[in-house]
There are 2 protein chains.
Amino acid sequence: MSDDITQQKQTAVNWFRSLRDRICAEFETIEAEFAPQKQTPVKFKREYWQRTDEVTQADGGGGEISILHGNVFEKAAVNISVVEGSFSEKFRNEIPGGKESDGKFWASGISLITHPLNPFVPPVHMNTRMIVTAKKWFGGGIDLNPIFPNDADTTQFHDALKQLCDRHHPDYYPKFSKKADDYFTIIHRNIKRGVGGIFYDDLANDWQQDFEFTKQVGQCFLEIYPEIVRAHINDVYDESHQEQQYIKRGHYTEFNLIYDRGTRFGLMTGGNVNAVLSSLPPLAKWP
Amino acid sequence: MSDDITQQKQTAVNWFRSLRDRICAEFETIEAEFAPQKQTPVKFKREYWQRTDEVTQADGGGGEISILHGNVFEKAAVNISVVEGSFSEKFRNEIPGGKESDGKFWASGISLITHPLNPFVPPVHMNTRMIVTAKKWFGGGIDLNPIFPNDADTTQFHDALKQLCDRHHPDYYPKFSKKADDYFTIIHRNIKRGVGGIFYDDLANDWQQDFEFTKQVGQCFLEIYPEIVRAHINDVYDESHQEQQYIKRGHYTEFNLIYDRGTRFGLMTGGNVNAVLSSLPPLAKWP
């Protein structure tokens with residue numbers, strides 16, 4: 001594999017796109033399995049956007065939003081993007097290698113959320129990305145956000161992530177799962193957003209190995225999440241469960257709008273609003 | 001009227017409480033007028049909270065949340081509070097007179113929001129407060145947030161506010177209505193939260209006159225808003241109007257969690273979460 005940065009960028013972009021295609025296909029398969037007879041299978045709808053950002057100069061790129069409204073996933077959004085530009089004078093100092101690159105950056109990634117209809121099917125969030133300034137690194141993670149956490153799912157989920165991490169470095173799981181725990185906290189309510197997962201950033205050991213790890217995060221998602229969904233797809237629920245689901249989604253909304261760095265960064269720097277806010281729930285309640 | 005600060009604080013607290021009582025009574029009257037026959041009239045429920053705040057020392061006070069879930073108001077919250085404490089070293093420099101008071105502050109106020117059931121009855125927000133550091137001042141405002149703005153309501157609403165302002169100073173209406181326009185902007189969507197109103201802060205000309213103005217803001221609310229509610233209480237709507245209402249409420253949520261200074265200040269300084277977030281809609285959608 002070439003060390004050439006242009007080649008590396010293209011390789012990462014191709015991966016994010018192919019992962020997006022596989023995840024969308026898998027979600028559509030789940031929808032088809034669960035669809036009422038004779039109903040046309042539910043499919044993702046795709047929307048394209050071009051980067052327009054007053055904050056940066058020499059902007060370029062854009063992204064693709066894929067949204068599904070189905071019988072299993074009340075809303076699922078799978079976004080990919082490739083953007084480049086120049087951070088403001090102020091912001092570049094906060095980003096690794098931003099000062100040394102005169103603010104120039106390139107970034108590509110995949111980001112997805114689900115808000116399942118059945119309150120017993122847990123929502124999930126996954127995101128992986130490659131960023132280039134004067135430095136280059138990977139970041140991302142997966143976290144599970146059940147309305148009604150159960151030990152079996154939580155254990156299965158964390159075991160899969162631990163196995164994945166352990167294949168790469170013994171420090172990864174303890175470090176990245178703690179980072180997820182710390183990050184996904186709704187501070188003003190003194191609660192966690194969900195049951196955690198892994199969250200990593202500034203992964204810049206060896207491009208090839210870091211890329212391999214990032215790929216396996218995506219593959220791990222495809223192995224573990226659909227299984228958890230199928231395990232609960234027929235769980236019986238009533239209005240009181242739904243009420244709790246809507247309230248929990250309200251808390252999720254609070255986290256994303258108040259604390260989530262990606263969301264706030266996207267909104268503050270003129271990112272595409274539909275893409276940035278596609279994580280918000282289809283229906284939420286604050287009774 | 002005494003110039004004594006203790007007396008002034010008590011006078012303001014008494015006013016906010018009596019205004020709360022009058023507003024709650026008026027909302028309950030509207031609910032009774034509109035209630036289906038034989039249904040028990042809907043009443044406000046009250047919840048008390050005590051200030052517990054790790055950020056400040058020498059804390060005291062608390063507040064009362066009054067919430068109604070009715071047939072006209074899907075949710076209405078009317079909150080009053082009296083709090084005192086000491087701002088952190090960092091925060092005191094951002095507040096007028098905060099440095100000179102060694103961070104000590106006292107504050108009391110009333111804050112209300114409505115989320116009406118009928119999409120043609122406009123939501124409203126009103127807040128007035130008195131704050132004391134080494135300085136003392138009043139602040140507050142009213143703004144209307146219709147899902148479907150109509151010129152008659154908007155004109156009636158702004159005319160009433162202009163008349164109120166003009167009785168006090170010719171600069172007030174132009175200045176305070178512009179401040180509301182500027183403030184209630186959902187920057188990332190490049191839209192206004194509603195049709196504006198008035199917003200004022202640091203009003204510290206003459207305590208008696210400023211208090212009189214603040215009282216009249218409350219009285220103006222009681223004159224104008226119930227009239228607008230009654231004008232639309234029987235407007236016919238369908239699911240498509242409701243859908244737009246829920247989406248607009250999503251935008252309202254975005255404003256409050258991302259931009260609203262009171263909300264963010266409350267959450268960041270350990271304010272009572274139920275009181276601070278009582279402004280959020282009973283049901284919102286991000287399709």
Side-chain angles (χ1 to χ4, degrees), chain A residues 45 47 52-55 65 67-70 73-77 113 115 123 185-191 242-243 245-247 249-287, chain B residues 45 47 52-55 65 67-70 73-77 113 115 123 185-191 242-243 245-247 249-287:
Chain A
K45 285 182 184 147
E47 189 183 309
T52 56
D53 181 347
E54 292 167 14
V55 176
I65 307 171
I67 291 212
L68 177 146
H69 294 98
F73 302 106
E74 190 175 339
K75 178 179 175 182
I113 57 91
H115 291 289
T185 300
I186 303 174
I187 301 166
H188 60 273
R189 293 190 181 274
N190 197 26
I191 57 174
Q242 263 183 319
E243 190 70 10
Q245 179 187 42
Y246 297 147
I247 290 169
R249 285 179 180 175
H251 298 172
Y252 190 94
T253 303
E254 291 168 22
F255 179 86
N256 283 23
L257 295 179
I258 297 176
Y259 303 110
D260 188 59
R261 288 195 286 260
T263 304
R264 291 188 66 80
F265 173 74
L267 295 180
M268 297 304 169
T269 56
N272 181 277
V273 174
N274 288 342
V276 175
L277 296 185
S278 64
S279 65
L280 297 181
L283 197 164
K285 287 188 178 183
W286 287 269
Chain B
K45 283 181 186 147
E47 190 183 309
T52 56
D53 181 347
E54 292 167 13
V55 176
I65 307 171
I67 290 212
L68 177 145
H69 295 98
F73 302 106
E74 190 175 338
K75 179 178 175 183
I113 56 91
H115 291 289
T185 300
I186 304 174
I187 301 166
H188 59 273
R189 293 191 182 273
N190 198 25
I191 57 174
Q242 263 183 320
E243 191 70 12
Q245 179 187 42
Y246 297 147
I247 291 169
R249 285 179 180 175
H251 299 171
Y252 189 95
T253 303
E254 291 168 21
F255 178 86
N256 283 23
L257 295 179
I258 297 175
Y259 304 110
D260 188 58
R261 288 195 286 259
T263 304
R264 292 188 66 81
F265 173 75
L267 295 180
M268 297 304 170
T269 56
N272 181 277
V273 173
N274 288 342
V276 174
L277 296 184
S278 64
S279 65
L280 297 181
L283 198 162
K285 287 189 177 182
W286 287 269

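These figures come from a predicted structure and were not determined experimentally.
Contact annotation for A:Thr253: both backbone and side-chain heavy atoms come within less than 4.5 Å of a heavy atom of chain B.
In terms of heavy-atom pairs under 4.5 Å with chain A, the best-connected choice from B:Val273, B:Thr263, B:Ile67 is B:Val273. With respect to chain A, the highest number of heavy-atom pairs below 4.5 Å among B:His115, B:Arg249, B:Lys75 belongs to B:Lys75. Of the listed residues B:Ala77, B:Gly250, B:Ala284, the one with more heavy-atom pairs under 4.5 angstrom with chain A than any other is B:Ala284.
Rounded to the nearest 0.5 angstrom, B:Leu257 CG and A:Tyr259 OH are separated by 9.5 Å. Note: A:Leu280 CG to B:Lys285 NZ = 15.0 Å, rounded to the nearest 0.5 Å.
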task = Using the side chain to side chain contact (heavy atoms under 4.5 Å, CB included) rule, take A:His188 and B:Leu277 through it: C-alpha gap first, then chi angles, then the decisive distance, then the call.
result = CA-CA 10 Å; A:His188 60 273; B:Leu277 296 184; 3.9 Å; yes
